[in-house]
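First comes the structure, then the notes that go with it.
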Protein chains: 2
Amino acid sequence: MQGTEHDHLRQMLTHVQFDPHSTIFHEAEDADYVFNVTSGSVKLYKLLGDGRRQITGFLFPGDFLGLALNATYSYTAEAIEPVTACRFPREKLEKLFDEYPRLEKRMLGMAVDELAAAQDQMLLLGRKTAKEKVASFLLMLARRQEHRGEESGMIHIPMSRSDIADYLGLTIETVSRTLTQLRKEATISLKDNRHIEAVGIDMLEDLAEGL
Amino acid sequence: MQGTEHDHLRQMLTHVQFDPHSTIFHEAEDADYVFNVTSGSVKLYKLLGDGRRQITGFLFPGDFLGLALNATYSYTAEAIEPVTACRFPREKLEKLFDEYPRLEKRMLGMAVDELAAAQDQMLLLGRKTAKEKVASFLLMLARRQEHRGEESGMIHIPMSRSDIADYLGLTIETVSRTLTQLRKEATISLKDNRHIEAVGIDMLEDLAEGL
DNA sequence: CGTCTAATTGATCGTGGTCAAAACATGTGG
DNA sequence: CCACATGTTTTGACCACGATCAATTAGACG
């Protein structure tokens, strides 16, 4: 009996794939599914009426997606690198919570963590200089990479300069200039424009905290 | 039996008061309590090493506070106007969730709503102009006032220019200049510097959405 | 190689920040 | 009620960080 229930819910859980630049879901669309990224990377963004874009977050393997309980998604999700994800119908979520009560607590915990991250990002967007923003961004990438065990002394940057700019509230030119500035100050070492060797992590940390 | 359990938990729920400018809790402090604001208004903020401040949100009667499940608060909470709040020990929260299972779902719903608001604020901080920021801020105040039934055609602004500036990622001078600009364009009408008559709500809405 | 897009670099501009002073508000004691 | 002190908001003059516009260089792919 527990088995059939379990199997029934497992059936709902399908794997899906997305090519780079393809949209996983759109802002204001009916939030029919929740996702769990298993490989690749994703950007989340919101748009203003005239096309200005703010990227509100990046997702990597292990991250949840679409945990909006509202009727519609509050942002657009788009694949950066080829993405595979587990998809689960949102309307079945209640049933899933009933079967795995601890899941709801984990969900709340994740939402709270995301909220704290969002507040850090507000501090970054509202009060940090371009240099501090870029330093914070590189640190964020390094820490999340480390957190999921992809350590290698090298920071992998899957997203374009344009994505970085729209994440930090800057332009691509300022991002580029700031990276070359950090390179000239020997804080970082650009291997190629998708791989950075972070020479002075502690210098980045000081920059990020505004010290 | 249900009665005694209920009473036991009710005992934990005490009312507390805070004077203006007094701190309800500090960032990085042990998160021992959660709060529910019953009157007054609260600001939440984070600081950088050199004192730069970002206000991440304002709270009004009915709003929850401290729903961090982590060990420590991720921001400082400070009273703007005299505040009264219900306080509940965080370590008893699990017990409370067990007794009122629907509470945990509401909690998750609130966290998700706050997350959506945080993303809107990121868009504001990263991509809106000073004028759009101030317009969005006034709209936010008007809508939340309306939502809790304090409508009066007048927007009440409990916080100082300095608080507004640190919420919008601007300086007090720019906030002030922008308000006088909106006044000269007859979009708003300043009654005194804590009360604004919003003449052109639709003009504010267009400004806020970047149209 | 040649084409196309992304990233860098350069020159100039403008929004919003900084510094300073004036206007205004609030409160206290004579 | 006024004189004075303190703090907040507004206004003004000037400045700088990051944006814009434009040209060049570097990668990616057929």
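Proteins come first, then strands; the chains are lettered A, B, ... in the order of their sequence lines, and each starts at number 1.
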Rounded to whole Å, CZ of A:Arg127 lies from P of D:dC17 at a distance of 16 Å
Residues of residues 164-180 of chain A with a heavy atom under 4.0 Å from any atom of DNA chain C, listed by number, are A:Glu173, A:Ser176, A:Arg177, A:Thr180
Residue pairs meeting salt bridge (charged side-chain N to carboxylate O under 4.0 Å, His left out), one or both in residues 171-190 of chain B, sequence neighbours left out, come to B:Lys131-B:Glu185
The residue, A:Lys131 or B:Leu190, whose nearest nucleotide of DNA chain D is more 5′ is B:Leu190
N-O pairing of A:Arg144 and A:Glu150 below 4.0 Å: no
Pair A:Lys43 + A:Asp166: basic N to acidic O under 4.0 Å: no
In whole angstroms, the gap separating P of D:dT9 from CG of B:Asp163 amounts to 9 Å
Taken to the nearest whole Å, NZ/B:Lys133 to C1'/C:dG17 is 12 Å
- Message: Below the 4.0 Å mark, does C:dA7 have OP1 or OP2 next to a side-chain nitrogen or oxygen of A:Arg194?
- Response: yes
Rounded to whole Å, CG of A:Asp192 lies from P of C:dA7 at a distance of 11 Å
To the nearest angstrom, the NZ-P distance between A:Lys191 and D:dA26 comes to 18 Å
Would you tabulate the pairs of protein nitrogen or oxygen atoms and nucleotide nitrogen or oxygen atoms of nucleotides 28-30 of chain D closer than 3.5 angstrom?
none

When rounded to whole Å, the CE to P distance for the pair B:Met159 and D:dT8 reads 16 Å
**Q.** Side-chain donor-acceptor contact under 3.5 Å, A:Glu78 with A:Tyr45
**A.** yes
Here the distance between atom P of D:dT8 and atom CD1 of B:Ile80, to the nearest Å, is 14 Å
* Asked: Sub-3.5 Å donor-acceptor pair from the side chain of A:Gln54 to the main-chain atoms of A:Tyr167, do we have one?
  -> yes
Could you go step by step and tell me if A:Phe88 and A:Leu96 meet the side-chain contact (heavy atoms from CB on, under 4.5 Å) rule?
CA-CA 10 Å; A:Phe88 191 83; A:Leu96 194 70; 4.0 Å; yes
Axis-to-axis angle across the helix from C:dC1-D:dG30 to C:dG30-D:dC1, five pairs each end, nearest 10 degrees, ~ 40°
Would you mind checking if B:Asp163 and B:Arg53 are paired as a salt bridge, meaning a charged N to carboxylate O distance below 4.0 Å? yes
In whole angstroms, the gap separating C1' of C:dT9 from CZ of A:Arg161 amounts to 14 Å
Open item on the list: Angle between ring planes, B:Phe35 versus B:Phe18, binned at 30° and 60°: parallel, tilted or perpendicular?
Closed with: perpendicular
Exercise. Mind checking whether B:His156 and B:His195 have parallel, tilted or perpendicular rings, split at 30° and 60°?
Worked result: parallel
Residue pairs passing the salt bridge (charged side-chain N to carboxylate O under 4.0 Å, His left out) test with at least one member in residues 20-42 of chain B, sequence neighbours excluded, are B:Glu27-B:Lys46
Here the salt bridge (charged side-chain N to carboxylate O under 4.0 Å, His left out) pairs for residues 196-211 of chain B, sequence neighbours left out, are B:Arg143-B:Glu205
